[in-house]
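Atoms considered below: every heavy atom in the structure, side chains included; atoms not considered: hydrogens, waters and symmetry mates. This structure is a prediction, so every number in the text was calculated from the model and none was measured. One is the number of the first residue; the rest follow in order along the sequence.
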Amino acid sequence: MMDMDGSSSSSNPGPHQPALRSRRSKALYQFKQQRLPVCKPVLTPVSVMATFLVMGFVFIPVGLITLHGSRNAVEIVDRYDAECVPEEFRGNKLSYITDKTVSKNCTRYLKVQKHMKAPIYIYYQLDNYYQNHRRYVKSRSDQQLLHGLKYSRTSSCEPEEFDNGLPIVPCGLIAWSLFNDTFTFFRERTKVRVSRKNIAWKSDRDHKFGKNVYPYNFQNGTLVGGSELDPRIPLSEEEDLIVWMRTAALPSFRKLYGRIEEDLEQGDVVVVNLMNNYNTYSFGGMKKLVLSTSSWLGGRNDFLGIAYLVVGSSSIIISIIFMLLHMKNPRPYGDNSWNKKSISG
């Protein structure tokens with residue numbers, strides 16, 4: 001806004017600006033000199049005991065509610081890696097999994113103990129599998145996953161960078177070891193509807209894997225790690241790969257395989273025809289199939305509820321201990337007898 005003489009009125013300091021600058025400089029001075037107002041609560045025995053009691057009375061109900069929500073999620077867990085080995089190979093499981101002439105078909109029967117409401121999430125669980133190993137985690141190229149052969153600096157993918165002098169897309173040990181067991185579900189001889197779409201994070205599909213990047217020269221070497229990829233499908237639609245590439249932090253982890261889109265009633269028997277292809281026998285790993293519903297808290301995980309209960313119970317116990325000690329050896333507020341003793345000594 002312009003004044004009559006053509007000068008800008010915004011350049012003229014208002015009546016409150018000097019006072020504002022004064023307050024700011026004073027606050028800055030107090031901050032530098034550590035003179036700002038401060039709250040210094042006096043921790044008396046009563047206030048400490050009351051604080052621990054309140055923590056216990058708050059944490060325990062929250063823990064019970066959280067644990068109840070977790071238990072509402074119905075879960076079926078079936079370990080199949082040991083049972084799906086033929087009897088003649090039980091003593092040498094590694095020769096079974098590496099022999100391509102031996103059938104890997106296996107049938108498992110899962111009985112539903114409680115009504116399971118759709119969607120029912122299908123997970124495969126791997127134990128004693130260290131996806132968090134430093135060399136394993138680094139063996140990938142995020143730029144290649146996004147841009148394909150246009151990006152050629154893939155030294156981080158060693159030893160799965162080239163094969164027969166040609167680049168590998170996707171390169172690296174993570175992609176090379178892609179999980180390749182498959183599952184088909186039946187109920188009363190009727191195939192159960194399983195959705196394999198939208199099992200990966202949308203942000204990964206849209207921004208981390210290229211829509212025009214296709215698998216190239218993948219799993220063509222003499223040593224095949226895991227699943228193969230269709231070279232006609234772009235990486236952004238290879239959702240099994242996208243799920244697998246999000247590495248787990250712990251040696252026991254689950255990854256989403258799909259969703260059953262119909263309810264399962266109590267007493268139903270789900271027949272699972274699976275292909276036991278993935279090699280976990282060479283390093284003592286375990287494979288499990290998990291069917292799980294979800295609650296308001298998500299999947300079944302008792303850790304959070306148990307943690308709340310432990311903290312709440314510990315707080316109440318500590319409060320009781322403090323109360324007993326205070327009743328046995330009371331110390332009046334403001335007692336400086338310890339200082340007198342140190343002076344007299």
A.B. asks: Donor-acceptor pairs under 3.5 Å, side chain of residues 165-179 to any protein atom, not counting sequence neighbours: which ones?
C.D. replies:
from	atom 1	to	atom 2	distance (Å)
Trp176	NE1	Leu223	O	3.2
Ser177	OG	Tyr136	OH	2.6
Ser177	OG	Leu173	O	2.8
Ser177	OG	Ile174	O	3.1

A.B. asks: Of all residues at least two apart in sequence or in a different chain, which pass the salt bridge (Lys or Arg N to Asp or Glu O under 4.0 Å) check with Lys208?
C.D. replies: Asp204

A.B. asks: With Lys202, which residues qualify under side chain to side chain donor-acceptor pair (under 3.5 Å), at least two apart?
C.D. replies: Asp206

A.B. asks: Report the residues that fulfil side chain to side chain donor-acceptor pair (under 3.5 Å) with Ser103, sequence neighbours left out, ordered by chain and then residue number.
C.D. replies: Asn105

A.B. asks: Should we count CZ of Phe283 as having more than 12 external heavy atoms under 6.0 Å?
C.D. replies: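 Atom CZ in Phe283 is packed in, count exceeds 12.
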
A.B. asks: Any ring-ring contact (aromatic ring centres under 6.0 Å, His included) pairs touching residues 191-234, not counting sequence neighbours?
C.D. replies: none

A.B. asks: Hey, could you give me each pair passing side-chain hydrogen bond (donor to acceptor under 3.5 Å, both in side chains) that has a residue in residues 110-123? Not counting sequence neighbours.
C.D. replies: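 Matches after skipping sequence neighbours: His115-Glu265.
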
A.B. asks: Evaluate the salt bridge (Lys or Arg N to Asp or Glu O under 4.0 Å) criterion for residues Arg90 and Glu88: first the C-alpha distance (whole Å), next the side-chain angles of each, then the deciding distance (0.1 Å), finally the verdict.
C.D. replies: CA-CA 6 Å; Arg90 293 290 171 89; Glu88 59 271 23; over 6 Å; no

A.B. asks: Can you list every pair that meets side-chain hydrogen bond (donor to acceptor under 3.5 Å, both in side chains) and has a residue in residues 73-82, with sequence neighbours left out?
C.D. replies: Glu75-Arg254, Asp78-Arg108, Arg79-Asp81, Tyr80-Asp181

A.B. asks: Taking only residues at least two apart or on different chains, which pairs with a member in residues 300-314 satisfy side-chain hydrogen bond (donor to acceptor under 3.5 Å, both in side chains)?
C.D. replies: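 Pairs touching residues 300-314 that pass the test: Ser70-Asp302, Arg71-Asp302.
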
A.B. asks: Would you mind listing the cluster partners of Phe89? Hydrophobic ones only (ILVMFWY), side-chain contacts under 4.5 Å, chaining allowed.
C.D. replies: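 For the cluster that includes Phe89, the remaining residues are Val85, Leu94, Tyr96, Ile97, Val102, Tyr281.
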
A.B. asks: For Arg246 and Lys255, indicate whether the former's side chain and the latter's backbone hold a donor-acceptor pair under 3.5 Å.
C.D. replies: no

A.B. asks: Less than 4.0 Å between a side-chain N and a carboxylate O, is that true for Glu262 and Arg187?
C.D. replies: yes

A.B. asks: For residues 56-67, pull every pair meeting salt bridge (Lys or Arg N to Asp or Glu O under 4.0 Å), keeping only residues two or more places apart or in separate chains.
C.D. replies: none

A.B. asks: Tell me which pairs pass disulfide bond (SG atoms under 2.5 Å apart) where either residue lies in residues 233-329, with sequence neighbours left out.
C.D. replies: none

A.B. asks: Please list, one pair per line, the donor and acceptor atoms closer than 3.5 Å that link side chains of residues 149-158 to other protein atoms, with sequence neighbours excluded.
C.D. replies:
from	atom 1	to	atom 2	distance (Å)
Thr154	OG1	Glu161	OE2	3.1
Ser156	OG	Arg140	O	2.7

A.B. asks: Under 3.5 Å, is there a donor on one side chain and an acceptor on the other for Asn273 and Thr107?
C.D. replies: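 A pair is found: one side chain offers a donor N or O, the other an acceptor, under 3.5 Å apart.
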
